[in-house]
Asks: 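Starting off with a structure, shown below.
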Amino acid sequence: MGGYEETGVLSLDDLLNIPSEKQLEKGVAISECIQNIPCNPCVDACSVDAISMKDINSPPVVDYDRCTACGNCVAVCPGLALFIVKIKEDKAWITLPYEFLPIPEKNDTVDALDREGNIVGEGKIIRVRKQNSTWIITVEVDRSLAMIVRNIRCRR
Ligand code: SF4
Ligand code: SF4
């Protein structure tokens, strides 16, 4: 598959930096914001200065060693372009912004979707919360899907 400019769908090759296994085990924010746009609420939302930009138009870069996986940046991003990913043993937890209805409930089984909206597996809802008017959902999926799953679909 080609890159974002060709397909309109972001692929791993488009990301500015990919966290190591060790950083993913700690849990980190992943920025999938790669275009030059004048936007920076994610930078202001981060209390540990883990997100930087060369200038207001530059894509954000996450310092994975600084990031505490608090999720504040996920809740303020108007582009829904930030995710928290954490892996442990054979599982991965993806924390993502969610704008569809119905809002899933804890322990729901959902379809796990890739960046194109294809079903790539099954997920279990671990946490549902609302922050800054944004629903933030954490879904548990197979570890192999940690860098693939970026959305969910409720089965209810
Ligand atoms: S998850 Fe929290 S610590 Fe990590 S980059 Fe976002 S706001 Fe900063
Ligand atoms: S808030 Fe979201 S859209 Fe804006 S720069 Fe940060 S990651 Fe990109």
Side-chain angles (χ1 to χ4, degrees), residues 1-89 91-101 103-104 106 110 112-117 123-143 145-153:
M1 179 188 286
Y4 177 80
E5 296 296 337
E6 195 179 315
T7 65
V9 178
L10 193 134
S11 71
L12 274 186
D13 291 341
D14 294 311
L15 297 186
L16 296 177
N17 55 340
I18 304 284
S20 66
E21 289 275 304
K22 196 173 171 189
Q23 289 164 330
L24 285 172
E25 283 170 4
K26 174 176 76 88
V28 290
I30 309 270
S31 167
E32 305 209 351
C33 175
I34 60 168
Q35 291 192 307
N36 293 326
I37 49 169
C39 183
N40 74 346
C42 55
V43 174
D44 292 339
C46 185
S47 60
V48 295
D49 295 329
I51 304 182
S52 62
M53 291 177 179
K54 282 185 193 149
D55 61 63
I56 183 91
N57 292 304
S58 302
V61 177
V62 178
D63 181 333
Y64 297 128
D65 291 326
R66 274 181 183 256
C67 176
T68 61
C70 70
N72 288 346
C73 56
V74 178
V76 300
C77 173
L80 311 181
L82 286 158
F83 306 85
I84 306 293
V85 178
K86 181 177 170 67
I87 57 177
K88 186 179 180 189
E89 297 168 353
K91 301 293 184 194
W93 288 271
I94 318 295
T95 298
L96 51 91
Y98 193 71
E99 289 199 323
F100 299 101
L101 292 173
I103 302 300
K106 188 176 176 182
V110 296
L113 310 181
D114 67 10
R115 294 176 180 84
E116 291 182 85
K124 180 183 175 188
I125 301 299
I126 300 298
R127 190 178 181 208
V128 177
R129 66 190 169 100
K130 200 174 192 183
Q131 187 176 338
N132 293 1
S133 303
T134 302
W135 285 102
I136 308 288
I137 309 293
T138 300
V139 60
E140 180 184 274
V141 295
D142 189 86
R143 179 182 175 130
L145 298 174
M147 295 301 285
I148 295 173
V149 169
R150 290 297 178 265
N151 210 337
I152 57 155
R153 182 179 297 140

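Numbering of ligands and ligand atoms starts at 1, following listing order. Basis for what follows: all heavy atoms, side chains included, without hydrogens, waters or symmetry-related copies. Computed from a predicted structure; not experimentally measured.
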Asks: For P41, take its heavy atoms, then give the atoms of ligand 2 lying under 4.0 Å from any of them.
Replies: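 Counting from 1, the qualifying ligand atoms are 1 (S).
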Asks: For ligand 1, which atoms, with element, lie under 4.0 Å from some heavy atom of V48?
Replies: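 Under 4.0 Å from V48, ligand 1 has these atoms: 3 (S).
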Asks: Heavy atoms only, cut-off 4.0 Å: how does T68 contact ligand 1, side chain, backbone, both, or neither?
Replies: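 Both backbone and side chain.
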Asks: Could you check atom 4 (Fe) of ligand 1 against the protein and tell me its nearest heavy-atom contact, residue, atom and distance included?
Replies: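 Of every protein heavy atom, C67 SG, 2.3 Å lies nearest to atom 4 (Fe) of ligand 1.
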Asks: Against heavy atoms of L82, which atoms of ligand 2 measure under 4.0 Å?
Replies: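 Counting from 1, the qualifying ligand atoms are 7 (S).
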Asks: Counting each atom of ligand 2 from 1 as listed, which ones have a heavy atom of C77 under 4.0 Å away?
Replies: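 Counting from 1, the qualifying ligand atoms are 1 (S), 2 (Fe), 3 (S), 7 (S).
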Asks: Under a 4.0 angstrom heavy-atom cut-off, which atoms of ligand 2 come close to C33?
Replies: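 Ligand 2 atoms under the 4.0 Å threshold to C33: 3 (S), 5 (S), 7 (S), 8 (Fe).
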Asks: Tell me the protein heavy atom at minimum distance from atom 6 (Fe) of ligand 1, and give that distance in Å.
Replies: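 Checked against all protein heavy atoms, atom 6 (Fe) of ligand 1 sits closest to C73 SG, 2.3 Å.
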Asks: Is the count of non-hydrogen atoms from other residues, nucleotides or ligands lying under 6.0 Å from R127 atom CZ greater than 12?
Replies: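 No, CZ of R127 has 12 or fewer neighbouring heavy atoms, counting only those of other groups under 6.0 Å.
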Asks: Among P59, A81, C42, which residue places a heavy atom closest to atom 1 (S) of ligand 2?
Replies: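 Going through P59, A81, C42 one by one, C42 has the nearest heavy atom to atom 1 (S) of ligand 2.
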Asks: Heavy-atom distances under 4.0 Å decide this one: backbone, side chain, both or neither, for V28 against ligand 1?
Replies: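 For V28, no heavy atom sits under 4.0 Å from ligand 1.
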Asks: Which atoms from ligand 2 have a heavy atom of M53 less than 4.0 Å away?
Replies: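 With M53 as reference, the close atoms of ligand 2 come out as 5 (S).
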Asks: Which of the atoms of ligand 2 are close to C39, meaning less than 4.0 Å from one of its heavy atoms?
Replies: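 Once the distances to C39 are compared, the set is 1 (S), 3 (S), 4 (Fe), 5 (S).
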Asks: Could you list the atoms of ligand 2 found under 4.0 angstrom from a heavy atom of P78?
Replies: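 Contacts of ligand 2 toward P78, numbered from 1: 1 (S).
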Asks: Provide the number and element of each atom of ligand 1 under 4.0 Å from a heavy atom of I51.
Replies: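 Within the 4.0 Å cut-off of I51, ligand 1 contributes 5 (S).
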Asks: Taking the cut-offs as 6.0 angstrom to the six-membered ring centre and 45 degrees off its axis, would you call R150 and F83 a cation-pi pair?
Replies: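 Ring-cation test returns yes.
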Asks: Any atoms of ligand 1 less than 4.0 Å from a non-hydrogen atom of C70? List them with their elements.
Replies: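 Here the atoms of ligand 1 in question are 1 (S), 2 (Fe), 3 (S), 7 (S).
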